[in-house]
Every structure is written in structure tokens, then in C-alpha cells.
Amino acid sequence: MLIDDVKIKARAGRGGDGATAFCKEKMCFGPTGANGGKGGDVYFEGVADLGAFIQFRYKKEIGAKSGGRGDGKLNDGATGDDLILKVPVGTVIHNLSTGRDFEIISIGQRLLVAKGGRGGKGNFKFRSSINTSPMEHQDGLPGQDYELRLELKMIADVGFIGLPNVGKSSLLNRLTNAKSKVANYPFTTLNPNLGVYYELILADIPGLIEGSSDGKGLGIKFLRHIERTKTVFHFISAESLNPVKDYQVVRNELETYNKKLLDKPEYLFLSKADLLDKKEADKKLEELKAINKEVIAISVIDDKSIKQVEKILRKIIKQKYE
Ligand SMILES: Nc1nc2c(ncn2[C@@H]2O[C@H](COP(=O)(O)OP(=O)(O)OP(=O)(O)O)[C@@H](O)[C@H]2O)c(=O)[nH]1
Ligand SMILES: [Mg+2]
């Protein structure tokens, strides 16, 4: 099952201690204790993999590397490596220690969550005209140490919705490098999958059925995810004996869950259209035109129809920046 809410402890690296040392060579005087290196920071970075919280299933305490100690020959300690944790876009990071919340909203976005401690100064840094042989150095400071709650509130530009087995995952795989499971039975997709199409995040959402809003099938959990998608692609299989009814079943579920879902911009696709001859397909398209006159017939094996879908996606990209 998808992990979408998890508590972890994140600790940035401790700064390395400074050193107290003196030159031991002949004809050489003075302090040579070097500085400690800075501790590594902890960052979060957005990725399209909704399953990325799995890394926290058993590992609830994570930490970046400490900085190295300064040595006695003026070589500063190494900086601790940063830790970059990949989390799905739509992750809300609740910092329970400070009460502040942050959200990862785009792929590649990096957020500094816990800062590494600074390294301590070595005794070389304490030398002065009145103190040529300082005995003191500083210790490194601890890194920030926080308790975090990570909550996944999926966000996507386009959500693929429809009854089960209508070809949602197949289209996602065709358009992006996602590897959503495809099979000829209902509820193949158990959790939403994200794919990236240029600047858009596309979400393949598990099939909805009558009663989803009451928890039937995979139910309510996924209706919650549709709440945060901006546009929907609604799929109706060309195999359907009653396309208009199929459309209404899904719309009713959206409405029962939250009326606002009906206001999202929607594109209607008669999917798997290659299974029908042209005459049959046109008849079903005609029926669906009463709902949305821009409905198109698509098939993952028909390049021309995929180009039409891509044209719609380009339009959505353009609107995103208007
Ligand atoms: N002929 C044909 N078959 C298709 C097409 N798209 C998908 N299929 C087949 O239809 C079946 C269901 O496809 P999926 O992509 O798994 O459907 P889904 O809507 O994601 O299904 P759920 O995850 O169960 O909701 C698979 O056997 C696919 O190979 C298409 O354009 N043409
Ligand atoms: Mg699927």
C-alpha cells in the first residue's frame, strides 16, 4: 500500500572540531591547528515517484554526514556530505519541532530542511600579536535536529479518470516514461502513478466505480487525489455498450464526493477506438458529443490520435504560463 503519511527524525551533520597543534619542524614556530569542516545539510527534492516514501518505512531516523576534524598541519576538515532525500511532488513537510510547514510543488525543487553545524576554528585562527601560541580551539556545533511529518497530498496538472480497464495507464505509459502496470482486468492500478510530460505532471488514477465516493472499489482515497489536479482527462472505453452512462457514473461519484470536482476543465476521450470500425466509433462519438463537443477518439496504437492528445497537452502547458 502506498505510504502517504510518515514521521521521521532528520538530523544534519555535526561540524568537525578545530585542532590545537604546533609546528614540529625545525626552525618553524607557531600554531598549526586547522578548522573543522561544516556538517552536511539535509535537503528534500521533488520527484515524480509517488512511492518514494517507502524509503522511510523502516528507516525513521536519517542524518547527514558530520564534518571532519581539522588536523595539526593546517588542513581543514572535510565538509560533511549533504543528504538529499527524494520525495514525491505534493509532499508537505510539517516541521513538528518548529511548527513550520513547507511544500514540494515541482520536480527537481530542492528545499533545505536542516542545516549542518559549523566547524570549529583551529588554534591557528586564534593567533595574534599578543598570543602567538594560543592553546584554544573551538568544537564543531551540532546540526539542526528536527522531527518531521511528511504528508503526501498528490498534485498533478492532469488527472486521468474513468471506469477501470479503459486504458488510462496505457496512455500514461505511451506519453511519458512512467511504467504504470497495464492488464486486461479492472483495478490493475492500485495506487496513482505520475508521469512527466515536459512541464506537466500527469496522474493515472485508479479506476472509479459506482459507489467509489462511499468507499467501494479503491474508493474515496483517490477521489481525494483528484481534488488537487487542475485538469481531468476522462476516458470512456470504445468497448462500452453505453458510453453516456459510463460518463455519468464517474461524474456522479465526483459530485457525491465534492461538487467542486465537476468544475475542473475536462477533456473527453473515447479510448481503445481501434477496437471499433469507423462507423461504430463515429456513432459513439456522436453520443458523447452531447456531453462535450470536443470529444476525441484515441488509441495507443494510433499515432495520429496520440498527436491530438499531445496538442491538448501543449495547450495546457501554454495556459500554465499565461
Ligand atoms: N486495443 C486497445 N487496447 C488497449 C488500449 N489501451 C489500453 N488497452 C488495453 O486495455 C486493457 C486495460 O488497460 P489499462 O491501461 O490497464 O487500463 P486502466 O484504465 O489503467 O485500468 P485500471 O488500472 O484497472 O483502472 C489492457 O489490456 C490494455 O492493453 C488501446 O488503445 N487499444
Ligand atoms: Mg490502470
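When a ligand or atom number is given, it counts from 1 through the structure's own listing order. Counting from 1, the numbers follow the sequence of the chain as shown.
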Would you say Ala273 has any N or O atom under 3.5 Å from an N or O of ligand 1, going by distance alone? no
Could you tell me the residue and atom name of the protein heavy atom closest to atom 11 (C) of ligand 1, and the distance to it rounded to 0.1 Å? Asn165 OD1, 3.5 Å
Tell me, which protein residue and heavy-atom name are nearest atom 29 (O) of ligand 1, and how many Å apart are they? Val182 CG1, 3.7 Å
Of all the heavy-atom pairs spanning Ala12 and Ala114, show the shortest one and how long it is. CB-O, 3.5 Å
Contact check, side chains of Leu172 and Asn193, non-hydrogen atoms, under 4.5 Å: yes
Interfacing atoms of ligand 1 (cut-off 4.0 Å, heavy-atom, Ser299): 31 (O)
Give me the residue, atom name and distance of the protein heavy atom closest to atom 25 (O) of ligand 1. Lys168 NZ, 2.9 Å
Is it the case that the side chains of Ser240 and Asp246 hold a donor-acceptor pair, with the cut-off being a distance below 3.5 Å and no angle test? yes
Tell me the contacting part of Ala183 for ligand 1: side chain, backbone, both, or neither, using a 4.0 Å heavy-atom threshold, strictly below. backbone
Is the terminal nitrogen or CZ of Arg127 (NZ for Lys, CZ for Arg) located under 6.0 angstrom from the six-membered ring centre of Phe124 and within 45° of that ring's axis? yes
Heavy atoms, side chains only, cut-off 4.5 Å: are Asp49 and Leu194 in contact? no
Taking the six-membered ring for Trp, are Phe269 and Phe233 parallel (under 30°), tilted (30 to 60°) or perpendicular (over 60°)? perpendicular
Look at Thr189 and state whether any of its N, O or S atoms is less than 2.8 Å from the Mg ion (ligand 2). yes
Between Arg11 and Glu147, does any NZ, NE, NH1 or NH2 come within less than 4.0 Å of an OD or OE carboxylate oxygen? no
Do Glu255 and Tyr257 have side-chain atoms, one donor and one acceptor, less than 3.5 Å apart? no
Can you tell which part of Asp274 has a heavy atom less than 4.0 Å from ligand 1: side chain, backbone, both or neither? side chain
Looking only at non-hydrogen atoms, the one of Ser170, Gly207, Pro164 nearest atom 15 (O) of ligand 1 is Ser170
Is the contact between Pro186 and ligand 1 made by the side chain, the backbone, both, or neither, using heavy atoms and a 4.0 Å cut-off? backbone
The protein heavy atom nearest to atom 23 (O) of ligand 1 is Thr189 OG1, 2.7 Å
Identity and distance of the protein heavy atom lying nearest atom 20 (O) of ligand 1: Ser169 OG, 2.8 Å
What protein heavy atom is closest to atom 31 (O) of ligand 1, reported as residue, atom name and distance in Å? Val300 N, 2.8 Å
Residues Asn184 and Asn165: side-chain donor-acceptor under 3.5 angstrom: yes
Report the part of Leu275 in contact with ligand 1, treating N, CA, C, O as backbone and CB onward as side chain, heavy atoms under 4.0 Å; options are side chain, backbone, both, neither. side chain
How about Ser180: does one of its N, O or S atoms come closer than 2.8 Å to the Mg ion (ligand 2)? no
Looking only at distances, can you tell me whether any N or O atom of Phe187, backbone or side chain, sits closer than 3.5 Å to an N or O atom of ligand 1? yes
Does either side chain, that of Thr189 or that of Ser169, offer a donor lying less than 3.5 Å from an acceptor on the other one? yes
Between Gly167 and ligand 1, does any nitrogen or oxygen pair lie at a separation below 3.5 Å? yes
Under 6.0 Å between ring centres: does that hold for His137 and Phe126? no
Under 4.0 Å to a heavy atom of Val166 - the qualifying atoms of ligand 1, by number: 17 (O), 18 (P), 19 (O)
Tyr185 contact mode with ligand 1 (heavy-atom cut-off under 4.0 Å): backbone
Does a donor on one side chain sit under 3.5 Å from an acceptor on the other, for Asn123 and Thr20? no
Please state which protein non-hydrogen atom is closest to atom 5 (C) of ligand 1 and give its distance, to 0.1 Å? Lys272 CG, 3.6 Å
